[in-house]
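Notes follow once the structure below has been shown.
Here is how names work: the chains are called A, B, and so on, in the same order as the sequence lines, proteins then strands, and each is numbered from 1.
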Protein chains: 2
Amino acid sequence: MNSSSIADSIRTRLGDFSSGERRVARALLASYPTAGLETVRLLAERAGVSAPTVLRFANRLGFANYPEFQRSLLEELAERDQSPLNAYSSGVGEEARGRLDPEHLGRSAAATLSEAVEETLTGIPRYELDAAVRLLSDTDRRVVACGGRFSRVLAEYLVLHLMQVRGRSTVLPDSPVERADLLSDAGRRDVFVILDFRRYEEEHLRLAEGVAEREAKVVLLTDRWLSPVSGVADVVLPAQVGSLSAYDSLVPTMAVCEALVAGVIHTLGDGAEERLRRFEETSRRFGLL
Amino acid sequence: MNSSSIADSIRTRLGDFSSGERRVARALLASYPTAGLETVRLLAERAGVSAPTVLRFANRLGFANYPEFQRSLLEELAERDQSPLNAYSSGVGEEARGRLDPEHLGRSAAATLSEAVEETLTGIPRYELDAAVRLLSDTDRRVVACGGRFSRVLAEYLVLHLMQVRGRSTVLPDSPVERADLLSDAGRRDVFVILDFRRYEEEHLRLAEGVAEREAKVVLLTDRWLSPVSGVADVVLPAQVGSLSAYDSLVPTMAVCEALVAGVIHTLGDGAEERLRRFEETSRRFGLL
DNA sequence: TCGTTCTCGGAACATCTGTTACAGCATCGT
DNA sequence: ACGATGCTGTAACAGATGTTCCGAGAACGA
């Protein structure tokens, strides 16, 4: 959706603008093109600058008048509405995947990561997603999530969501005592969400084997080479790792997490809404906002 | 409520209009909505009527002013641009939510999220990305990151990476004392990475204003409605929020984080590699793996 | 045919728009 | 440290905009 010449022109030449003009550019790009179709004063307010700065911005773009600038915006809009297929005119998808071109950091990242997200989510078998959602939607079960170096933050992210829509969800504590306490009660009423990416952590495998033995359910989020935990897991959700640098990307995995949350919310329906309301009310009452 | 309420309203009530007003309506529908965003006189010419007729047309639609009519048109346009996928589900929010059953969960999530990632990364001006990378690659500066309810985990994620490739990076501590300690030293040698999404947190604005006053640099990661922090930020990186449920997605923002890290690694080159080697060695030596 | 009603456009009006000039301010280089 | 340069906001300006009023004309029914 970037065949629009004006927006592109702004993005390219943003460095030449002054800081005030840059604010205008940002405000315009943030809600394009409508912000540019309002009056000068409104756009100025939106950007937090004065009216003349907006005019200087238009001048710098090469327009003599503000009306002329608006006319260009309108023409562009009219063309776009006429031929909606032109959106794909600038083939971004054909760029090399996985390799980072520093000149076009944004573009190559866009191509690599969006493709990884798409492949991941379409690549996961329906049954697996379904099963994972069913387990996470079972409010009789407690949910415990854990991850490694980086994936730990996604465990937290998932739990933060689940806390709000269903409750009874925690991340596996760090401290040995707390951890032992939690695992002592582990049983068939629990589902463990384990995020394990290479280099796979042996600790995760021990954990998974242990709780599986006690008939707890295990959901595994991993990369496409499949952590050894997959041997004991009830559900396996593999993700692509389309990486931009030495590090693998966790973006597709985060997408899976959000899809899971969306599925849980849908399954729980009114239950989730009620829980959420209660959650918010409690937050307000205790001043936790 | 179909794709565009105003256009529909016109089509339905076309019979109530006078013949002159009808010509205006046709001209407007012929090139919708751009024709309505021009001046009264231009629309009048386009329709072959006089200016007052156009105003009567707007009045008949229930608008007190012509500007008010244009404002509605703009709002409608903004909404439509905001969620290009919702054009199909025709804005029935509840039904759209209901369509997210596990059967289509994977597909719709794939489409929504990968598109959001792509739009986000191609939509961010190169200048902003470069500026952010430049700031984060300056090892003379300390990096401090902070976020809100959910985005906090991304602040952690970013810092985890930066710790390994450049060091001198922390998340803003939770405890008031530690926080005060850190902020006491804040100055031109620092860059604050603030993640602020709606509902925007006033605390972030205060923080940003405070550190900006002391000449620290501020990098803002926000949604497309731009947190108020954007007023004082040196770099603004907006992201799409293509959401699957009641929650906005943070997947695109995570993609931005990874792109930033990739940029920093590239900029630092051998310096990053050496740092990483040292980091690994230290981890092994102290048994921190 | 006449009179009523509705519709429409011309012209004057008030407002708000975009615009410009100017002065204060920060930033940078010397 | 101190001018020079560039950037920004305030205030005043001219023009265009949307708006209103009023009279001319058309449509319709009696």
Whole-Å gap separating P (D/dT20) and CG (B/Asn65): 8 Å
Integer-rounded Å distance: D/dC7 C1' and A/Leu55 CG: 15 Å
Rounded distance (Å) that lies between atom C1' of C/dC8 and atom CZ of B/Arg22: 14 Å
d(CD, A/Glu45; P, C/dG18) in whole Å: 12 Å
Phosphate OP1/OP2 of D/dT8: any A/Ser18 side-chain N/O under 4.0 Å: yes
Ion pair A/Arg60/A/Glu21, N-O distance below 4.0 Å: yes
B/Glu215 or B/Ala51, whichever maps to the more 5' nucleotide of DNA chain C: B/Ala51
Check: A/Ser249/B/Glu258 side-chain N/O donor and acceptor closer than 3.5 Å: yes
A/Ser19 side-chain N/O to D/dT8 phosphate OP1/OP2 under 4.0 Å: yes
Nearest-Å distance for atom pair CZ/P, residues A/Phe63 and C/dT19: 12 Å
Any donor-acceptor N/O pair under 3.5 Å between D/dG6 base and A/Arg56 side chain: no
Given DNA chain C, 5'-ward residue of the pair B/Arg23 and A/Pro67, judged by closest heavy atom: B/Arg23
Mutual orientation of the aromatic rings belonging to B/His161 and A/Phe150 [parallel < 30°, tilted 30-60°, perpendicular > 60°]: parallel
Short side-chain N/O contact from A/Thr53 to OP1 or OP2 of D/dG9, under 4.0 Å: yes
A/Glu38 CD to C/dT17 C1', straight-line distance once rounded to whole Å: 14 Å
D/dA16 OP1/OP2 closer than 4.0 Å to side-chain N/O of B/Thr39: no
Atom pair CE (B/Met163) and CD (B/Glu156), whose distance is rounded to the nearest 0.5 Å: 9.5 Å
Distance in angstrom units between A/Arg71 CZ and C/dG18 P, rounded: 13 Å
Sugar-phosphate only, base, or nothing, as touched by A/Arg41 at under 4.0 Å among non-hydrogen atoms: sugar-phosphate
Worked verdict on B/Thr39 versus B/Leu42 for side-chain contact (heavy atoms from CB on, under 4.5 Å): CA-CA 5 Å; B/Thr39 68; B/Leu42 284 180; 3.5 Å; yes
A/Ser50 side chain near D/dT10 phosphate (N/O to OP1/OP2, under 4.0 Å): no
Between P of D/dG6 and CZ of A/Phe57, the distance in whole Å: 21 Å
